[in-house]
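A quick write-up on the structure given underneath.
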Amino acid sequence: MIEVRGLSKRYGDKVAVDDLTFTVRPGIVTGFLGPNGAGKSTTMRMIVGLDRPTAGTATVNGRPYAEHPDPLRQVGTLLEAKAVHTSRSARNHLLALAATHGFPRRRVDELLALVGLDQVATKRAGGFSLGMGQRLGIAAALLGDPKVLILDEPVNGLDPEGVRWVRELLKERAAAGCTVFVSSHLMSEMAVTAEHVIVIGRGRLLADTSVADLVAGASATAVRARTPQAARLAAALAGPDVTVEAVAPDVLEIRGLPSSRVGEVALAEQVVLYELTPLQASLEEAFMEMTADEVEFTAAPPPGAAVGAPGVGGRR
Ligand code: ADP
C-alpha cells in the first residue's frame, strides 16, 4: 500500500506537484497517468525518498520508504530509463546489487531468465538498447521479491512483445497480492494494463477512478447517421437539446438523442439510412479531454504562422 497525503514539490517558482492525496492499493495494477511534465516522476521520486517534498507525506507499507530496514524487499523501483550506465555486465550489475542487499546469487540467474536477458547476461550493460536497459531495470526492481512495485514508464523503448511481457508481469504481480504503481503518458496502454488509474495534470489530481468507470464516463452519446436525405433528417431531428452536425454531405453527427430515437425519426420521415452508429469516445479521447488544459508544452505554431510552413513545429 502506498499512501500519499498533501504531497507537494516546488522547484523555485515552479510547482511540479501540487497537494496530491491518493492511495495505491494492493492486488491490482494502478496506472499513474498524465501528460509529459505533469509531475509523475517527481511524485514517484518523493515516494521513495529520492526527492524531498516541499509539503506532505508519502508512506509505503505504513512507513516512509527510508525508514524500512529492508527497502528492496518492500519496494522495487524502476525510476529512470537506462539508470544503468555501467561498464559492468548485466549479470555483474545484478550480482553486485544482490551482494549489497544479501540476496543469493541464484536469484540473479532466475531474474535474468525471467526478463529475457540470459543470452546477453555477460555483455556490458552500458551498451544495451533502451529496451534491454528497461528489462535489466525491471530485473533489479524484482530482486527482493518486493510487495510494492513502483515503475516509471516501464514500457518506454520496448518492442510490442516487450510491452506485452511487462503488462503480463505487472498483472501477475498484482494477482499475487502486490501493490503495483506504474506511470505512463499513454492512456491506451494503461487501459489494458491497469484496473485503477490516478490521473494528474500540472501536478494536480484530475481523477482517481477505476478504468471501468472511466470507460463508462467516456461514453459520449453521439450518433452517426449516413443518409442521402441528410438535410431532411436533420430538420426532423431538430429540438431544444439536440445538436445535429453535417460532417459530410451525407453524414450527420447527432448529439442529445439515442440511436434508437434517430432510427424512429428516420422511419417516420421515410428517410433511408445507410448507416446508424452510436459513437463512443475512446479512453484516449477521454484522457485528452481531461488533460487538455493541463498540458505544459503544446505544439501550437506561433501566431500568424501557416501550418506546415518551413520551420513551424521545427525539429529539435
Ligand atoms: P512527468 O514525470 O509527469 O513527465 P516530472 O515529474 O518529470 O513530470 O516533471 C514535473 C515538472 O517539474 C516539469 O515541469 C519539470 O520540468 C519540473 N521538474 C522536474 N524536476 C525538476 C528539477 N530538478 N528542477 C526543476 N524543475 C524540475
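Remember, it's 1-based here, ligands and their atoms both numbered in the order they're listed.
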- Without hydrogens or angle criteria, can the side chains of Asp152 and Ser183 be said to hold a donor-acceptor pair below 3.5 Å? yes
With a 4.0 Å cut-off, would you call [X] and [Y] a salt bridge?
X      : Y      : value
Glu264 : Arg261 : yes
Arg91  : Glu110 : no
Lys9   : Asp19  : no

- Item | Residue-ligand contact Gly34/ligand 1, heavy atom below 4.0 Å | no
- Does ligand 1 have any atom sitting under 4.0 Å from a heavy atom of Pro35? yes
- Item | Hydrophobic cluster of Val247, others only, ordered by chain and residue number, side-chain cut-off 4.5 Å | Val251
- Query: salt bridge (charged side-chain N to carboxylate O under 4.0 Å, His left out) with Arg45: which residues, sequence neighbours excluded?
  - Reply: Asp51, Glu80
- Please determine if Thr43 has a nitrogen or oxygen closer than 3.5 Å to a nitrogen or oxygen of ligand 1. no
- Item | Min N/O separation Ala16 to ligand 1 under 3.5 Å | no
- Query: Who gets closest to atom 8 (O) of ligand 1 by heavy atom: Gly39, Ser41, Ser183?
  - Reply: Gly39
- Item | Enumerated ligand 1 atoms positioned under 4.0 Å from heavy atoms of Ala38 | 1 (P), 3 (O), 8 (O)
- Which atoms from ligand 1 have a heavy atom of Asn36 less than 4.0 Å away? 4 (O)
- Message: Heavy atoms only, cut-off 4.0 Å: how does Lys14 contact ligand 1, side chain, backbone, both, or neither?
- Response: side chain
